[in-house]
Every structure is written in C-alpha cells, then in structure tokens.
Novice: 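So that we are looking at the same thing, I have put the structure below in structure tokens.
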Amino acid sequence: MNQISLLIVLLFHLIATNSYSQQCEIFYKKFSHSEAEVKINSRLELIKLPHDFSVNQLLRTLSSEGKLLYEGKHKYVAGTDFLASNEFDWSKTPMDHKPTDILIAFGTNSAWDIALDKNAKSLVISDWSPWPLIAQNYLISPLLKTSKSRSEFILALSGVPKSFSEHLDLDEAFSLAKKLLNRPTADKKILMDKLLVELANDLTITDLELKFITTYLMAKVGETSSAYNFGPFQNLRNSVFADFNLFYETRYNPKRIGPQNSVFSSEKNFAYLKNLFLQNRVSYGLTAVNDPSFYAALAAKTKSLNYSKVTVSVSNIFSCGGYNGLTFIDFQNYLQLLMKSFQGPITVFRTTSTTPPHNFFRYDLKKVTDIPEKDEEQITSVTEPQKAG
C-alpha cells in the first residue's frame, strides 16, 4: 500500500469513528469563556453555513485595509475572469533574473513566478474584474499565510485538513487532494469540517476571510455552486474556473511539468511567496490596463518608496481584442504611457495568443525606439522582440 492510499485509509478511519469538528466544538465549550475562547466559539458558528457576499462589500474592506491602491470607473465583461492563470506553457517566458523594486502585474499566479524570478520587493496584482483580486485576498492569501508548507496549502485549498500534509511531497499532496475530492460527498464534508475547525481556531484569519473560505469549500461538497457560480464567485464563464487545484496542478505539479523554477518548486520559493503576503507587500488595482490615472497613482507610490526599478506584466490582454477591443497599436501606446508615467527604464512581460501554444516576450524599455514596431502575435520565437529601428 503506497503512502497516498495509506493516508486515505487513515482519514476515513477517522470519519468512521466520529466527526472531528463535533469533538472540537464540544472540547471548546468545556473551557471557561475567556475573550479568545468566546471568539473561537463564535467562529465555530460561522463555519456551519455558506455566506452571501457583495462585490462592493469586499472591495470596501480591501480599500479600508489600504490594499486597494486604485479603483477605476471602467466596465468589464463578465465571464472573462481568470481566477488562476491558464498559461501552462509559461516556462518559455524569457526571464532576466534581475531584481526589481515593484512588479505591476495583470494576472494572478502568473505574477507570482515573475515576482520570484525578479525578487520583487512589492507586488501589485491588477485586473479589470474584481473577482481575481477578491480571490487572491480573501481565499488564497489567508491559506498561504497560515500554511507551513506547499503541501499544506494545496491540501487546504482542496478542503483537506492541513494536518495531513506532514511528510508529503508536493506531487503527493496534489495526488491526495485529487483522490479525496473524488470521494463521496459525505466523506468530503467531514474532511472539510475538520479543516474549517482548524482555520476557525487560527485567529490570524479574519472573520470575513473565514466566511469566504467556508463558502468556497462548501461549494466543493455541492453547496452554493452552479454552472456559472461557485461558492462566493459569481458570473464565471464556467464554474470550473474556480477550481484552483486544477489550474495549480497543471502549472506546478512536478510529475506533470518536470523541473521548473516556480513559487512551488521548493520550500524556499514558497516562503518568498508567503512572505509577500505576510509582510503586506501585496496590493491590488481594479483597473483597465490602459487607465493613465492608475499609473499616475503607482508612479506616486514608487516615488514615495524611492523605487526606481519597475516591472510590468500584461499577460495576453493585448491579444484579447475580441472582448476588450485592444489592438497592437493600443499596446504600442500603452508602452509609451508606461515610459511617460515612470520616467525611467521599465521591463515589460507580455504573452501573445489566447490559446496554447502561447508566445512570451520581454521588453527592456529605455527609449521610445525600444517599443516594437511589429506585432509578435504570430511569431513563434520566444526571444526578445524586434525593436523599432
């Protein structure tokens, strides 16, 4: 019997004996009601049912905490939200390994790996949709910050108790999560309840984060999910877009992709990612990619922090003219906007094509003639693009 099979047997022996969550709740009620104990008891009530959220409520909290640096007045097309990156061939990105002060990135975990490579001091995750930002702040961030290892994080995101991650390699965690998620709903619910009790007892997780995580995980056991909604996430192209495990496994599982330097390829790299969130060095921009006011706000921020090295990642936004109307001319104008806003050298990462295989480019902009004069949309090379003459 391999390690994964043995763990599954042990897990469901626990299920057969009693519900862990019930044991914990009874245990805590036996204590005298100190302030912390009263708080924990109230949080044990929060994890019993899914919760309703409004986008405005979540954004207000994000803003009040100083994490939402900018909120534009643009309109976005619902159903174009990518809560996790689908650029699974991302290893072709021409990384430069040069440190940067700040990374301004349109995307989610695609930003993590560029930030890691460039050892970014600060990360601004940006999108025209609020949902990727909300996912990062209210689901991914608290689970990252409270996970001691990569495997703990992957299991928690699956609704599996983090306490069962000990001694598991990353590929084993992905495998265990997948097998457990295929178990009957009743089995998954008891595992989820156990995890939620673990999280309820961690007072570094806010009540709002706990309610958000609860609602997300309950969708994994069949509650509050439908074709276009999943737990707290609404108006998705398909509910599968909220399956973070699917996206992360395809991008990061070493058994699938081989050796690649990513935020999950070592515990050291995972610690870098975790510390970005722990040290409040991640903030957000809800904005159209070419909103000048967004870059004016960021330029003021970089100046106040004495940042001089600026990196930007735009993923494949300028290949998505079918729903955002952007063209290559818009991309050229965008690069000019960046140079005008930050008035210094800028490194820009871009992905082309909306479907695999993607192409990946890096632009090191020091002067206007560094802006490419031709679109690389159909170019298969992943080297640096042709510069304007």
Side-chain angles (χ1 to χ4, degrees), residues 43 46-47 50-72 76 81-85 102-116 120-147 153-154 156-157 196 199-200 202-219 224 229-236 241-245 247-248 263 270 272-287 294 297-298 301 313 315:
R43 286 161 65 87
L46 294 180
I47 62 177
H51 302 270
D52 293 323
F53 301 93
S54 73
V55 171
N56 288 337
Q57 169 203 6
L58 297 169
L59 291 177
R60 280 197 302 271
T61 301
L62 202 59
S63 181
S64 68
E65 294 173 346
K67 296 178 183 177
L68 186 61
L69 299 183
Y70 181 82
E71 183 175 356
Y76 79 100
D81 321 75
F82 283 88
L83 306 181
S85 173
I102 188 168
L103 170 62
I104 304 158
F106 288 82
T108 52
N109 54 301
S110 60
W112 299 350
D113 295 299
I114 295 174
L116 171 72
K121 296 177 183 176
S122 296
L123 172 61
V124 181
I125 296 177
S126 310
D127 205 287
W128 74 338
S129 164
W131 289 112
L133 312 184
I134 287 168
Q136 288 281 302
N137 191 70
Y138 295 102
L139 176 66
I140 302 301
S141 175
L143 293 181
L144 273 175
K145 291 190 292 187
T146 57
S147 294
F153 171 73
I154 293 302
L157 197 56
L196 289 174
L199 299 177
D202 188 340
L203 296 180
T204 64
I205 296 175
T206 69
D207 286 0
L208 183 55
E209 290 169 343
L210 183 63
K211 290 194 290 185
F212 196 92
I213 295 168
T214 297
T215 307
Y216 175 74
L217 294 179
M218 284 189 172
T224 66
N229 294 349
F230 192 93
F233 299 111
Q234 304 162 16
N235 301 317
L236 303 175
F241 280 81
D243 187 351
F244 290 90
N245 287 89
F247 284 85
Y248 290 173
V263 290
F270 178 74
Y272 165 80
L273 175 64
K274 177 178 174 178
N275 284 333
L276 277 179
F277 286 89
L278 273 174
Q279 297 167 9
N280 293 319
R281 292 189 284 132
V282 177
S283 49
Y284 305 95
L286 179 58
T287 179
F294 174 57
L298 287 178
K301 176 181 174 66
S313 173
S315 186

Novice: Which heavy atom in A115 sits nearest to a heavy atom in L103, and how many Å separate them?
Specialist: N-CD2, 3.5 Å
Novice: Taking it one step at a time, do F270 and V263 satisfy side chain to side chain contact (heavy atoms under 4.5 Å, CB included)?
Specialist: CA-CA 5 Å; F270 178 74; V263 290; over 6 Å; no
Novice: Between H51 and L46, is there a donor-acceptor pair closer than 3.5 Å when you use the side chain of the first and the backbone of the second?
Specialist: yes
Novice: Measure the shortest side-chain to side-chain distance between L286 and Y70 over non-hydrogen atoms and say whether it is less than 4.5 angstrom.
Specialist: no
Novice: Counting N and O atoms only, with roles assigned by atom type, does the side chain of D81 sit under 3.5 Å from a partner on the main chain of L83, one being a donor and the other an acceptor?
Specialist: no
Novice: State, yes or no, whether a side-chain contact exists between K211 and F53 at a heavy-atom distance under 4.5 Å.
Specialist: yes
Novice: Between the side chains of Q136 and W131, does any donor sit under 3.5 Å from an acceptor?
Specialist: no
Novice: With sequence neighbours left out, which residue pairs that include part of residues 121-134 fulfil the salt bridge (Lys or Arg N to Asp or Glu O under 4.0 Å) condition?
Specialist: D101-K121
Novice: May I have the step-by-step check of side-chain hydrogen bond (donor to acceptor under 3.5 Å, both in side chains) for T204 and D202, ending in yes or no?
Specialist: CA-CA 5 Å; T204 64; D202 188 340; 2.5 Å; yes
Novice: For D243, does its backbone N or O pair with a side-chain atom of Y248 as donor and acceptor, under 3.5 Å?
Specialist: no
Novice: Counting N and O atoms only, with roles assigned by atom type, does the side chain of N137 sit under 3.5 Å from a partner on the main chain of L62, one being a donor and the other an acceptor?
Specialist: no
Novice: Go through the structure and list residues passing salt bridge (Lys or Arg N to Asp or Glu O under 4.0 Å) with D113, not counting sequence neighbours.
Specialist: R251
Novice: Over all heavy atoms of both residues, which pair between L69 and S283 is shortest? Give the atoms and the distance, please.
Specialist: CD1-OG, 3.2 Å
Novice: Check G285 against F294 and note the closest heavy-atom contact, atom names and distance.
Specialist: CA-CE1, 3.9 Å
Novice: Test ring-ring contact (aromatic ring centres under 6.0 Å, His included) on F241 and F233; report intermediate values, then the result.
Specialist: CA-CA 10 Å; F241 280 81; F233 299 111; over 10 Å; no
Novice: Could you give the distance from OG1 (T108) to CZ (F247), rounded to the nearest 0.5 Å?
Specialist: 9.0 Å
Novice: With side chain to side chain contact (heavy atoms under 4.5 Å, CB included) as the test, would you mind laying out the steps for N280 and E65 before giving the verdict?
Specialist: CA-CA 10 Å; N280 293 319; E65 294 173 346; over 6 Å; no
Novice: Is there a donor-acceptor contact under 3.5 Å from the side chain of Y216 to the main chain of A242?
Specialist: yes
Novice: Is there a donor-acceptor pair closer than 3.5 Å between any side-chain N or O of S63 and the backbone N or O of R60?
Specialist: no
Novice: Which distance, rounded to the nearest 0.5 Å, do you find between the NZ of K67 and the CD1 of I125?
Specialist: 11.0 Å
Novice: Find the distance between CG (L210) and CD1 (I205) and round it off to the nearest 0.5 Å.
Specialist: 6.5 Å
Novice: Quick one: which of L273, T146, I140 gives a side chain to side chain contact (heavy atoms under 4.5 Å, CB included) with F153?
Specialist: I140
Novice: Report the distance from atom OG of S129 to atom OH of Y76, rounding to the nearest 0.5 Å.
Specialist: 4.0 Å
Novice: Tell me if a side-chain donor or acceptor on E209 pairs with a main-chain N or O of T206 at a distance below 3.5 Å.
Specialist: yes
Novice: Quick one: pull up CZ in F212 and OG1 in T61 and give me the separation to the nearest 0.5 Å.
Specialist: 11.5 Å
Novice: Among T214, I213, T215, which residue meets the side chain to side chain contact (heavy atoms under 4.5 Å, CB included) test with L217?
Specialist: I213
Novice: Report yes if some heavy atom in the side chain of L68 is under 4.5 Å from a heavy atom in the side chain of E71; otherwise report no.
Specialist: yes
Novice: Output all residues satisfying salt bridge (Lys or Arg N to Asp or Glu O under 4.0 Å) with D207, sequence neighbours left out; order by chain, then residue number.
Specialist: K39, R43
Novice: Please find the pair of heavy atoms, one from S85 and one from N109, that lie closest to each other, and give the distance.
Specialist: N-OD1, 2.8 Å
Novice: Do P130 and L59 have side chains that get closer than 4.5 Å, going by heavy atoms?
Specialist: yes
Novice: Report yes if some heavy atom in the side chain of L236 is under 4.5 Å from a heavy atom in the side chain of N229; otherwise report no.
Specialist: no
Novice: If you define the side chain from C-beta out and look only at heavy atoms, does anything of I104 sit under 4.5 Å from S126?
Specialist: yes
Novice: Starting at CG of L143, measure out to CZ of F244 and round the result to the nearest 0.5 Å.
Specialist: 10.0 Å
Novice: Closest approach of A219 and G231, non-hydrogen atoms and distance?
Specialist: CB-N, 3.5 Å
Novice: Measure from the side-chain N and O atoms of K274 to the backbone N and O of S147, and report whether any donor-acceptor pair falls under 3.5 Å.
Specialist: yes
